[in-house]
Peer 1: 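Here it is, the structure, as structure tokens.
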Amino acid sequence: MHSDSLLEYVLVNFRWVFVVFFLLPCTVMGKVWATFEKNLWSRRRLTGLDHEKKVKNIQCEVRHRNVYAPNRVMCTARPSWRSMTLADMTYKKCMFNINVHLDEMISIDSHNQTVRVEPSITMGQLIPILIQSGWTVPVALDMEDLTIGGLVMGIGLESSSFKFGLFHKTCTRYELITADGDLIICSKSENPDVFESIPFSHGTLGFLTAVDIRLMPAKKYVRLQYRPISSLENIQSSLISETLDTENNDFVELLIYSKNEAVLMTGQMTDGDQSTKNINEIGRFYKPWFFKHVESFLLSQKNAEEYIPLQDYYFRHNNSLFWEIQDIIPFGNHPVFRYLLGWIMPAKVALLKLTQTDTIKRLYDEHHFIDDFILPISCLKKSVEKFHEHLNIYPIWVCPAVLNPSHGLVHSHASVDSMYIDIGLYGEPNVSNYNSGIAKDLELFVLKLKGFKMMYIGTHLNMHEFKKMFNHCLYQRVRMQLNCEYNFPEVYDKVNKKVRR
Ligand SMILES: Cc1cc2nc3c(=O)[nH]c(=O)nc-3n(C[C@H](O)[C@H](O)[C@H](O)COP(=O)(O)OP(=O)(O)OC[C@H]3O[C@@H](n4cnc5c(N)ncnc54)[C@H](O)[C@@H]3O)c2cc1C
Ligand SMILES: NC(=O)C1=CN([C@@H]2O[C@H](COP(=O)(O)OP(=O)(O)OC[C@H]3O[C@@H](n4cnc5c(N)ncnc54)[C@H](OP(=O)(O)O)[C@@H]3O)[C@@H](O)[C@H]2O)C=CC1
Ligand SMILES: CC(C)=CCC[C@@H](C)[C@H]1CC[C@@]2(C)C3=C(CC[C@]12C)[C@@]1(C)CC[C@H](O)C(C)(C)[C@@H]1CC3
């Protein structure tokens, strides 16, 4: 066998060998390096001045492009392999790349309870700093590598979104560099139209350089209740009633394990007291994958309650990349593996992406389904039945989120706040007639139910359908106002499947 094809064969069939013996050690070395760099070399704390200098450099880059390459529309220079997407963002190759890699926390304003951060800071960097200072954010995302900029410019939601909405709803101010190289501030009172249009605009109105996020006091634990439920009717009605109970619940999440079986989780942030028992530090390296732990309550058919340290709770799906890591390291949840090598998990998504071959990509394309659909909560039963018929993938992640009737791209279709659910389907379809063409049918199904879809995978919808799903009226007006037409692409030109391969 030719040496290239041998390597390909090993990478496809024994990806775990490569991941366990090469990528995991690389990830550890990366972590050691990052700690070393932060602690020894970059002792300086960021001051407002440092941030201003970096912003000026970006403004210069934009103005430089305006003189020397006005024909090429702009996007960020963040390489595709670093981003939390499955496919390559091929549009980056023909656009003018501006380096906006600003990744520090700027300041905490305890009086107004906000934190100002640069956009490339990740959840994994931000949350530990905040928790150490006694704070947290209302919507803390579950994967460490997600960036604040990506969550504002895309969308983000979590198990607290039934109370606080999508991630951007907790942001109070953005700093944006426009196509002309000017720096503008956007908030509810300053440039309110731009403020409303930025979420989901995927960097097509300007470059974010700072974001203010609301803070709330952190507590030590999440008291989490697990409740196994059977039958889709019961699952839907129980979920609806828990999302209405915003007094008692801080977190609501559902994992569906088969067409008629699910575990509903509700949680409260608490400091506990001296009598607090049942503390489960699920973030410890030897602990089972979270979705397997939750499944154990379904198997035993018992309600249960545990106290989980706050940070462990936030990143509960990080170690197992929801359930995607089981396809890469099939024995990753075996106790022997966990005790021996669990401490170097998880593999860095960026490294996994950087080293995936074309064959792996093709195999994922043809035999794997990954997507998130956002639908009105009343459509849960109908949607799960549809997804069961066409995909039959379990577990299914269900996360409720309240949407407001704004003029932004993503909004509630009713004239009042309405409860939606994110339905996440990740895995290998178990139906005999599966083909990747089904993805478009499912998007149309969601469009018909007045739902949305996340764009980290891209979309098969055409421009007309896409505009029906996301309200473009205000967005178009703001694009005119900010002179975006020949300087930034339209959102659709960044998220359609032709440019995400
Ligand atoms: C195998 C490997 C794995 C790695 N894994 C990780 C990882 O998991 N996590 C991690 O954080 N880092 C990782 N790194 C390090 C990472 O590659 C670099 O640290 C990172 O890319 C540096 O980014 P930067 O923003 O400093 O920009 P640069 O690397 O300087 O630039 C990024 C891009 O921007 C373009 N660019 C720069 N300036 C301009 C300009 N003025 N105008 C237009 N375009 C411009 C460049 O052409 C380049 O394409 C890894 C590196 C390697 C080799
Ligand atoms: N729980 C959740 O809610 C999860 C959400 N996601 C999705 O992942 C994505 C976030 O991943 P992440 O890797 O952080 O981000 P990405 O690198 O994927 O960026 C997402 C978009 O935001 C734009 N963007 C990012 N930073 C800036 C900036 N400073 N200025 C202007 N535009 C910017 C990018 O523009 P450009 O194309 O120019 O680079 C890109 O279009 C989101 O789309 C989110 O929906 C994924 C997993 C979980
Ligand atoms: C709204 C929510 C909660 C979304 C969760 C999305 C995750 C399940 C996605 C985000 C990034 C993601 C697409 C990824 C992958 C699986 C699904 C992930 C983790 C994997 C690891 C699958 C294997 C691939 O070869 C590769 C390594 C490129 C990707 C990387 C990104």
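Just so you know, ligand 1 is whichever comes first in the structure, and atom 1 is the first atom listed for that ligand.
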Peer 1: Identify, for atom 21 (C) of ligand 2, the protein heavy atom at the shortest distance, and state residue, atom and that distance.
Peer 2: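 The answer is H202 CD2, 3.9 Å.
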
Peer 1: Classify the contact between K92 and ligand 2 as side chain, backbone, both or neither, using a heavy-atom distance cut-off of under 4.0 Å.
Peer 2: side chain

Peer 1: Taking atom types as modelled and ignoring hydrogens, do the side chains of E104 and Q125 form a donor-acceptor contact shorter than 3.5 angstrom?
Peer 2: no

Peer 1: Nearest protein heavy atom to atom 12 (C) of ligand 3: under 4.0 Å?
Peer 2: no

Peer 1: Can the ring centres of F466 and H460 be said to be less than 6.0 Å apart?
Peer 2: no

Peer 1: Please tell me if atom 18 (C) of ligand 3 is touched by the protein, where touching means a protein heavy-atom distance below 4.0 Å.
Peer 2: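 It does not; no protein heavy atom is within 4.0 Å.
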
Peer 1: Examine F373 together with F452 and report whether their ring centres are nearer than 6.0 Å.
Peer 2: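 For F373 and F452, the ring centres are not under 6.0 Å apart.
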
Peer 1: Starting from atom 17 (O) of ligand 2, which protein heavy atom do you reach first, and at what distance in Å?
Peer 2: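 Answer for atom 17 (O) of ligand 2: R78 NE, 2.8 Å.
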
Peer 1: With a cut-off of 4.0 Å, which atoms of ligand 2 are near a heavy atom of L146?
Peer 2: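 Result: 4 (C), 6 (N), 8 (O), 10 (C), 11 (O), 14 (O), 46 (C), 47 (C), 48 (C).
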
Peer 1: Tell me the protein heavy atom at minimum distance from atom 35 (O) of ligand 2, and give that distance in Å.
Peer 2: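 Result: K494 NZ, 3.5 Å.
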
Peer 1: For atom 30 (N) of ligand 2, what is the nearest protein heavy atom, given as residue, atom name and distance?
Peer 2: L208 N, 2.9 Å

Peer 1: Quick test: of every protein heavy atom, which one is nearest to atom 18 (O) of ligand 2, and how far off is it to 0.1 Å?
Peer 2: S83 OG, 2.9 Å

Peer 1: Which of the numbered atoms in ligand 2 are under 4.0 angstrom from any heavy atom belonging to G203?
Peer 2: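 The atoms of ligand 2 under 4.0 Å from a heavy atom of G203 are 31 (C), 32 (N).
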
Peer 1: Which residue owns the protein heavy atom closest to atom 20 (C) of ligand 3, what's the atom, and how far is it?
Peer 2: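 Result for atom 20 (C) of ligand 3: L86 CD1, 4.3 Å.
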
Peer 1: Has F167 got any heavy atom lying under 4.0 angstrom from an atom of ligand 2?
Peer 2: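 The answer is no, since F167 has no heavy atom less than 4.0 Å from ligand 2.
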
Peer 1: In the protein, which heavy atom is nearest to atom 9 (C) of ligand 3, and how far is it?
Peer 2: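 In this structure, atom 9 (C) of ligand 3 has Y456 CE1, 4.1 Å as its nearest protein heavy atom.
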
Peer 1: For ligand 2 and M89, I'd like to know whether there is a polar contact (N/O to N/O, distance under 3.5 Å).
Peer 2: no

Peer 1: Any idea which part of D142 is under 4.0 Å from ligand 2, heavy-atom wise: side chain, backbone, both or neither?
Peer 2: side chain

Peer 1: Can you pull out the closest protein heavy atom to atom 45 (O) of ligand 2? Residue, atom name and distance to 0.1 Å, please.
Peer 2: I155 O, 2.5 Å

Peer 1: Write out the residue and atom name of the closest protein heavy atom to atom 1 (C) of ligand 3, then the distance separating them to 0.1 Å.
Peer 2: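 The protein heavy atom lying closest is M454 CE, 3.2 Å.
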
Peer 1: If the cut-off is 4.0 Å to any non-hydrogen atom of P119, which atoms of ligand 2 fall inside it?
Peer 2: 29 (N)

Peer 1: Any idea which atoms of ligand 3 are less than 4.0 Å away from a heavy-atom of I370?
Peer 2: 16 (C), 17 (C)

Peer 1: Give the ring-plane orientation class for Y394 versus H388, where under 30° counts as parallel, over 60° as perpendicular and anything between as tilted.
Peer 2: tilted

Peer 1: Could you name the option among M143, E324, M84 that has the heavy atom nearest to atom 7 (C) of ligand 3?
Peer 2: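 Among M143, E324, M84, the closest heavy atom to atom 7 (C) of ligand 3 belongs to M143.
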
Peer 1: For ligand 2, which atoms sit closer than 4.0 Å to a heavy atom of T147?
Peer 2: 12 (P), 14 (O), 15 (O)

Peer 1: Under 3.5 Å between some N or O of ligand 3 and some N or O of Q356?
Peer 2: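 By distance alone, the answer is yes.
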
Peer 1: For ligand 3, is any non-hydrogen atom under 4.0 Å from H317's backbone (N, CA, C, O), its side chain (CB onward), both, or neither?
Peer 2: neither

Peer 1: Taking the non-hydrogen atoms of T85, is any one of them nearer than 4.0 angstrom to ligand 3?
Peer 2: yes

Peer 1: Which protein non-hydrogen atom lies closest to atom 31 (C) of ligand 2, naming both residue and atom, and how far is it?
Peer 2: G206 O, 3.5 Å

Peer 1: I'd like to know if E52 and K56 make a salt bridge, using a cut-off of under 4.0 Å between side-chain N and carboxylate O.
Peer 2: no

Peer 1: Going by the angle between their ring planes, with limits at 30° and 60°, are F290 and H317 parallel, tilted or perpendicular?
Peer 2: perpendicular

Peer 1: What residue and heavy atom of the protein are closest to atom 9 (C) of ligand 2, and at what distance?
Peer 2: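 The closest heavy atom on the protein side is G150 O, 4.2 Å.
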
Peer 1: Can you list the ligand 2 atoms lying under 4.0 Å from a non-hydrogen atom of G156?
Peer 2: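 This gives 3 (O) as the contact atoms.
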
Peer 1: Centres of the Y426 and F369 rings: under 6.0 Å?
Peer 2: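 When the ring centroids of Y426 and F369 are compared, they turn out to be at least 6.0 Å apart.
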
Peer 1: If you have a sec, work out which protein heavy atom is nearest atom 21 (C) of ligand 3 and how many Å separate them, to one decimal?
Peer 2: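 Answer for atom 21 (C) of ligand 3: L321 CD1, 3.8 Å.
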
Peer 1: Given that the side chain starts at C-beta and the backbone is N, CA, C, O, which of these parts of D372 lies under 4.0 Å from ligand 2, counting heavy atoms, or is it both or neither?
Peer 2: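 Under 4.0 Å from ligand 2, D372 contributes no heavy atoms.
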
Peer 1: If you count the atoms of ligand 3 from 1 in the order shown, which ones are under 4.0 Å from a heavy atom of V349?
Peer 2: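 What qualifies from ligand 3 is 30 (C), 31 (C).
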
Peer 1: Closer than 4.0 angstrom, basic N to acidic O: yes or no for E158 and R316?
Peer 2: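 Yes.
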
Peer 1: With heavy-atom distances below 4.0 Å as the criterion, list the atoms of ligand 2 near F207.
Peer 2: 30 (N), 31 (C)

Peer 1: Which option wins on minimum heavy-atom distance to atom 22 (O) of ligand 2: M454, E118, M153?
Peer 2: M153

Peer 1: Counting non-hydrogen protein atoms only, what is the nearest one to atom 5 (C) of ligand 3? Give residue, atom name and distance.
Peer 2: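 Protein heavy atom at minimum distance: Y426 OH, 3.5 Å.
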
Peer 1: Give the numbers and elements of all ligand 3 atoms closer than 4.0 Å to a heavy atom of L352.
Peer 2: 27 (C)

